[in-house]
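Notes follow once the structure below has been shown.
Below, read A as the first sequence line, B as the second, and so on, with proteins coming before strands; counting in each chain starts at 1.
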Amino acid sequence: GLAERLQETFKKLRGKGRLTEEDVDQALKEVRRALIGADVNFLVVKDFIAKVKERAIGSDVLQSLTPAQQVVKIVHDELAELMGGTNSKIELAPSPPTVIMMVGLHGAGKTTTTAKLANLLRRQGRRPMLVAADIYRPAAIKQLQVLGGQLNMPVFSMGDSVAPPDIARAAVDKAKRDGNDLVIIDTAGRLHIDEELMAELRRIVDTVHPDEILLVVDSMTGQDAVNVAKTFNEMLSLTGVILTKLDGDTRGGAALSVKAVTGCPIKFIGMGEKLDALEQFHPERMADRILG
Amino acid sequence: VTGRKIIDESLYEELEETLIQADVGIDTALELVENLRAEVKKRKIGNPEELPAVLKELIQQALGEETGGIETGAEQPFVIMVVGVNGVGKTTTIGKLANFYKEQGKSVIMGAADTFRAAAIDQLEIWADRVGVQVIKHTEGSDPAAVAFDSLHAAKARKADVLIIDTAGRLHTKSNLMDELKKVRRVIGRELPGAPHEILLVVDATTGQNAISQAKLFKEAVDVTGLALTKLDGTAKGGVVVAVRQSLGIPIKMIGVGEGIDDLRPFNAKEFVDALFA
Ligand SMILES: Nc1nc2c(ncn2[C@@H]2O[C@H](COP(=O)(O)OP(=O)(O)OP(=O)(O)O)[C@@H](O)[C@H]2O)c(=O)[nH]1
Ligand SMILES: Nc1nc2c(ncn2[C@@H]2O[C@H](COP(=O)(O)OP(=O)(O)OP(=O)(O)O)[C@@H](O)[C@H]2O)c(=O)[nH]1
Ligand SMILES: [Mg+2]
Ligand SMILES: [Mg+2]
């Protein structure tokens, strides 16, 4: 892994006497390779390496007897620090219902995560209602209804010919009448560059003023993660991110890319297809995973 | 590259970054740029403006000689089994592909062998209805191999030209799910020796380097014969397929460029490579 490659690099560099700053640059090329290989965006990596170099020089790595270990520790700590340090709870509204809106690219896991999140929050004492606001994808409404059925949880739907902002408004009204203190709105997958569909999301936001707008991101996303996260955030002001499909073997560098470019907390991770497979995000564990 | 007067290290770095940004991957990008250096030397190139074209040439070579598309004339029924990880666009691609063959005057049947995911069968049924083809299905929770078996029987009985079998999304690292896929393939092969004639791995263009692991493990499990790269209508370039083609030899056959029924095209290496630099 990275530790071994850094050992090799420093061994070669040390062979010729004292370490110089240029030697550190050379060693950091290995860190760059590891992070880009883990799908962290190359511009995010550039900034990250600059921070790591500053910390390394500052921590006297040039004098260290174990420079490789020192650099690995700095990289790991810096990664964990950058991805953490934020609130990963769901913000409850001062007066119910709390409204959560799920957004993201096609196939990221929004519908499944909507059900998982409702399941998790019900265990915390909430009375959730799921809202089927994807009127485009074939059988999307049915998919959410089936998941709601598995959880014995209400699914609000107005079919596929009512506009999503109107569905959302009607859902919140019904939630208030029925005593559901949590409304989770599942939206259709869309491209961040689809102006019409992004405008639709803004209309939903303007209609029901969600307390949380969560971007659902497939953890195997590559360099494009920054484009997606940046655009969704600029258009909607996200409050959090959920990374899905971390039960696979992807290194998940998209986590750092998304956090770096939006500043939004990663609140949960999807760890499987079952409806109980939603966990808290742990920055330390993610740092370990990215570094392989 | 424009505005540059000489070929220097910063130009090679810029080209390397363009490749990395397109998800070509750092190792493949470094390798391609090394080969570019060698070509520049060999052909005695002095003008920096000529470099992108040479690099494109090298990438196109890496992508192989095959033309895109799936030829279905050789067998009847020609059986296509569609596989891949969760949410990449398998079911949608099957809808588009069925329509493509139907428009060529072929008779197509679909097999709804995703018996696991909520409303997966309903979703494929809507596509079958849109295209105007039959879909063979069982109930949710039934054995996918049994659906594949029945689909093949129906395809033979009705003398269908093409049978396309949908399977549930699954992560390549889940050995029990990969075993299930192996069983589906075995059952198809027992019923019709030589089938499936195409095992199509669907990969999402937004995927990073994990696509290599996906392709490797799916190939080991069910011997993937072709790749469909979806969601190229977004901003992701899908450059990881270069490494997949180079290291595993899997040809890219189709690309998905939208959610609509006509948003499927045969893979064209030149257009794909041009888009990497766009
Ligand atoms: N292994 C695994 N699969 C997941 C996870 N989350 C979702 N999935 C699967 O990913 C696929 C896509 O999930 P959906 O919930 O339909 O995704 P979506 O974002 O709603 O898709 P669109 O509505 O089409 O944009 C399904 O097969 C899910 O079962 C996860 O954490 N792990
Ligand atoms: N923009 C775009 N969206 C696509 C494309 N192909 C599929 N999709 C969308 O991606 C999402 C997932 O598509 P599915 O066909 O359900 O994917 P799948 O692989 O069958 O998913 P699972 O069966 O859950 O594993 C849907 O919203 C599709 O409309 C494409 O080429 N472009
Ligand atoms: Mg959905
Ligand atoms: Mg499917």
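By the 4.5 Å heavy-atom criterion applied to side chains, B/Gln123 and A/Gln143 are not counted as neighbours. Between A/Gln223 and B/Lys237, the closest side-chain pair of non-hydrogen atoms is not below 4.5 Å. The side-chain heavy atoms of A/Leu191 and B/Asp233, taken from C-beta on, include a pair separated by under 4.5 Å. Residues B/Leu171 and A/Met220 are in side-chain contact: their nearest non-hydrogen atoms beyond the backbone lie under 4.5 Å apart.
Using a 4.0 Å cut-off between charged nitrogen and carboxylate oxygen, A/Arg190 and B/Glu259 do not count as a salt-bridge pair.
Annotation: maximal heavy-atom pairing with chain A below 4.5 Å, among B/Leu124, B/Val240, B/Ile26, occurs at B/Ile26. Ranked by heavy-atom pairs under 4.5 Å with chain B, the first of A/Leu43, A/Ile193, A/Leu147 is A/Ile193.
Looking at B/Glu125, neither its backbone nor its side chain comes within 4.5 Å of chain A, counting heavy atoms on both sides. Contacts of B/Leu30 with chain A are made by side-chain atoms alone, with heavy-atom separations under 4.5 Å and no backbone atom involved.
Here the closest heavy-atom approach between residue A/Asp39 and residue B/Gln209 is recorded as OD1-N, 3.0 Å. Nearest heavy atom pair, residue B/Asp23 against residue A/Gly222, reads OD1-CA, 3.5 Å. Across all non-hydrogen atoms, the minimal contact from B/Asp122 to A/Ala139 is CB-CB, 3.7 Å. B/Thr206 and A/Leu105 make their closest contact through CG2-CD1, 4.0 Å (heavy atoms, listed as atom of the first residue, atom of the second, distance).
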Step-by-step side chain to side chain contact (heavy atoms under 4.5 Å, CB included) determination, B/Asp27 to A/Arg33:
CA-CA 8 Å; B/Asp27 293 343; A/Arg33 187 186 193 123; 2.8 Å; yes

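Of residues 82-91 of chain B, those residues with a non-hydrogen atom less than 4.5 Å from any non-hydrogen atom of chain A are, in numerical order, B/Val85, B/Asn86, B/Gly87. Interface residues of residues 241-254 of chain A toward chain B, defined by a heavy-atom distance below 4.5 Å and sorted by number: A/Lys245, A/Asp247, A/Gly248, A/Asp249, A/Thr250.
For CG of B/Asp8, the number of neighbouring non-hydrogen atoms (other residues, nucleotides, ligands) closer than 6.0 Å is greater than 12.
Between B/Arg117 atom CZ and A/Glu273 atom CD the span is 9.0 Å, to the nearest 0.5 Å.
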